[in-house]
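Read through the structure below, which is laid out as structure tokens, and then see the notes.
A quick note: this is a predicted structure, and the numbers were derived from the prediction, not measured.
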Amino acid sequence: METVKNRTRVIKSGCILLALLVFFLGMLAACGVGVYNDSEQYITMHIHREPLYPLFLALFRTIWADGYLTVAAAVQNVLTAVGIWLFAGYVAAHFHLRLWEELLVVLLQLVPHLMTRYVSALHIFLENSVMSEALCIPLFHFFLYFLLRMLFGRRRRDAVLSLLFAFLLSMTRGQMMTTILMWMVIVCLEILRQKKYRMLLIPVAAVLLTFGLRSLTIHVYNFGVTGYFMGNTYAQVNTLTNVIYACDEEDGEVFAAGSLEREFFDRFYAEADAGKMNYKYGGSTLAERAAHLEAYHDELKFRVLEADLSAYFFSLGKVDYYQQSSMSDELAGRMIAGLLPACFGQWLYDYILLCVHGFIRSIAVVHPVVNWIAAVLYAFAVGLAVQRALHGKRRSDMCVTDASSQDAGCVQGRSSQDAAWVMGTALLFIVANVCATSITIMCLSRYMIYGFSIFYTAMFLLVREKWSISRGRV
């Protein structure tokens, strides 16, 4: 009988994987490879971009030459299918989901892909695109897979692998450095729960080493590509854009008259004011102000800050693009340090507006009605997760042996608190992702996409747990 069950489970799992592969490769066949404004920077290994995705493309360019983008897109789609399959399969095994419930979890992983293709303004099917998100999405599913295994199985191997995928995510998109910190927070919470306080140094040291390795790897990569041993540039210019947006004219007085910083501030402010690209022109309502900042961020950054900085440093002579980028970032850093204390109140207000839109886009789309629905969903998720965390039974109280489970050999059985842990993980990531992204840029849907599926998967698990308990099931 057990052999029949195992064979049925393998067939079911294989059919789900096959269906996912057909879906993703079918979308590639139907839509083709998407090349967009940012694509060229990844192809040319631009200094602004993290190294993993450019190296990923370079690998296929070396092997296939003509048509390599199609091959790379196919691999992206296959990786995404496998990532969803692994994640959904683990959730189904751990929570003992029925077939329709597992299929619902799979569908929840597909919804963001369909939204960006058919709902967003750009109509991008991300896995077909030449953008780092196409690699980030499957890496994020692998990260979540090993992170949940670490949470519920407490095996050292899963802790190492989840940190490895967090590192790879950070090497693909800078905003995903938050997954490294997220890993540390979760490991530290587990250590505190077990009251093994001396072990707290281990995850902290692991994270410091990971960040150090990330910095060194990027410097070595850029040295190989550009000849300069340097990190990625442009982050400071990105951040300065939102600071300039929040400034009043008198804020420039923090710099000495005649200084380079003062000259650039006066120029930036005058051009931003002439183009109505600062907060004074943002409108009267919260929605109008957030929309104005999002609409003008890129224009202020490219047409004003980057154009003026590039023109100045190139005018010095004997300065190549990499030196200009580095000097622009250094100057931007000095200006941020001087201006941010002066305009902090307005900057913080704008930052909160960006975060609000980021929280909404993590689980929905920005719309006057949907915004309130998103707020209710967050409140419901937090309340239900806290209720299950406080009143659920611990694993030691619910130990059942299930040799067919993927958890067998770890902590056998599951806890009624586990769904709360999944929601806590989802909310922790959404908060970290939104707050980190809003510092440097606006929270576009493609930056927020990662939180959608894990949030609604956790919501389904919580509601299912609550329903089962109300019906007298454990």
*Side chain proximity check, S453 to V111, heavy atoms < 4.5 angstrom*: no

*asked:* Is there a side-chain contact between L79 and V75 in this structure, where contact means two heavy atoms from C-beta onward sitting under 4.5 Å apart?
replied: yes

*In terms of side-chain heavy atoms, does D320 have a donor or acceptor partner in Q324 at a distance below 3.5 Å?*
no

_Using the ring centroid of each side chain, check whether F223 and Y228 are separated by less than 6.0 Å._
no

*Does the pair L293 and N242 meet the rule for a side-chain contact (heavy atoms from CB on, under 4.5 Å), with working shown?*
CA-CA 8 Å; L293 174 52; N242 286 350; 3.8 Å; yes

_Side chain S259, main chain A256, donor-acceptor under 3.5 Å_ = yes

_Quick check: H141 with Y145 (ring centres under 6.0 Å apart)?_
no

*Test: D298 and R303 ion pair at under 4.0 Å*: no

*Closest approach of F211 and L181, non-hydrogen atoms and distance?*
CE1-CD2, 3.7 Å

*Which atoms form the tightest heavy-atom contact between L169 and C136, and what is the distance?*
CD2-O, 3.4 Å

*Are the side chain of D329 and the backbone N or O of S325 linked by a donor-acceptor pair below 3.5 Å?*
no

_Side chains of L427 and Y378, heavy atoms from C-beta outward: is any pair under 4.5 Å?_
yes

_Between T179 (side chain only) and M176 (backbone N and O only), is there a donor and an acceptor less than 3.5 Å apart?_
yes

*Compute the ring centroids of F140 and F429, then answer whether they are less than 6.0 Å apart.*
yes

*Expected output: side-chain Q109 to main-chain V105 donor-acceptor under 3.5 Å*: yes

*Decide whether a cation-pi geometry holds between R267 and F264; the criteria are a distance under 6.0 Å from NZ or CZ to the six-membered ring centre and an angle within 45° of the ring axis.*
yes

_Expected output: side-chain S326 to main-chain Q323 donor-acceptor under 3.5 Å_ = no

*Would you say S362's side chain and G358's backbone share a donor-acceptor pair under 3.5 angstrom?*
yes

*Among I180, V187, L209, which residue meets the side chain to side chain contact (heavy atoms under 4.5 Å, CB included) test with L163?*
I180

*Identify whether the distance between the nearest side-chain nitrogen and carboxylate oxygen of E306 and K301 falls below 4.0 Å.*
no

*Quick one: do E294 and R361 satisfy salt bridge (Lys or Arg N to Asp or Glu O under 4.0 Å)? Show the steps, please.*
CA-CA 13 Å; E294 291 180 344; R361 289 193 179 111; 2.8 Å; yes

*When rounded to the nearest 0.5 angstrom, what distance separates CG in L139 from OG in S132?*
10.5 Å

_C435 to F359 - nearest heavy-atom pair and separation_ = SG-CZ, 4.5 Å

_Please give me the minimum heavy-atom distance between Y351 and S438, naming the atom from each residue._
CE1-CB, 3.4 Å

*Could you walk me through whether D418 and L148 pass the side-chain contact (heavy atoms from CB on, under 4.5 Å) check?*
CA-CA 10 Å; D418 285 358; L148 293 184; over 6 Å; no

*Report yes or no: do Q76 and T80 form a side-chain donor-acceptor pair below 3.5 Å?*
no

_How close do C188 and P203 get, counting heavy atoms only, and between which atoms?_
SG-CG, 3.7 Å

_Just verifying a value: how many Å separate I186 CD1 and I191 CD1, rounded to the nearest 0.5 Å?_
12.5 Å

*Can you tell me if Y36 uses its side chain to pair, donor with acceptor, with the backbone of S129 under 3.5 Å?*
no

*Centroid-to-centroid, F452 to Y456, below 6.0 Å?*
yes

*Looking at the rings of F142 and F146, which for Trp means the six-membered one, are their centres under 6.0 Å apart?*
no

_Close side-chain approach of Y322 and N222, heavy atoms under 4.5 Å_ = no

*Taking S13 for the side chain and V10 for the main chain, is one N or O donor matched with an acceptor at less than 3.5 Å?*
no

*Decide whether a cation-pi geometry holds between R61 and Y68; the criteria are a distance under 6.0 Å from NZ or CZ to the six-membered ring centre and an angle within 45° of the ring axis.*
yes

_Under a 4.0 Å threshold between the charged nitrogen and the carboxylate oxygen, would E50 count as salt-bridged to R173?_
no

*Min side-chain heavy-atom separation V304-Y269 under 4.5 Å*: no

*Going from NE2 on H219 to CZ on F229, what distance comes out if it is rounded to the nearest 0.5 angstrom?*
5.5 Å

_Side chains of R49 and N232 in contact at under 4.5 Å (non-hydrogen atoms)_ = no

*asked:* Has R214 got a side-chain atom pairing as donor or acceptor with S170's backbone, closer than 3.5 angstrom?
replied: yes

*pair F255-M335: side-chain heavy atoms closer than 4.5 Å*: yes

*asked:* Using modelled atom types and a 3.5 Å cut-off, is there a donor and acceptor pairing between side-chain atoms of T178 and backbone atoms of Q175?
replied: yes

*Which class fits the ring pair H292 and Y296: parallel under 30°, tilted 30 to 60°, perpendicular over 60°?*
tilted

_In the structure I gave you, are the side-chain heavy atoms of L147 and M182 within less than 4.5 Å of one another anywhere?_
yes

_So, applying side chain to side chain contact (heavy atoms under 4.5 Å, CB included) with H113, which one of N128, I137, I124, N77 is it?_
I137

*Going through the distances and angles, do Y245 and H297 end up as a side-chain contact (heavy atoms from CB on, under 4.5 Å)?*
CA-CA 8 Å; Y245 181 90; H297 173 93; over 6 Å; no

_Nearest 0.5 angstrom please: D38 CG to E133 CD, how far?_
8.0 Å

*Considering non-hydrogen atoms only, spot the tightest contact between A134 and E127 and give its length.*
O-OE1, 2.6 Å

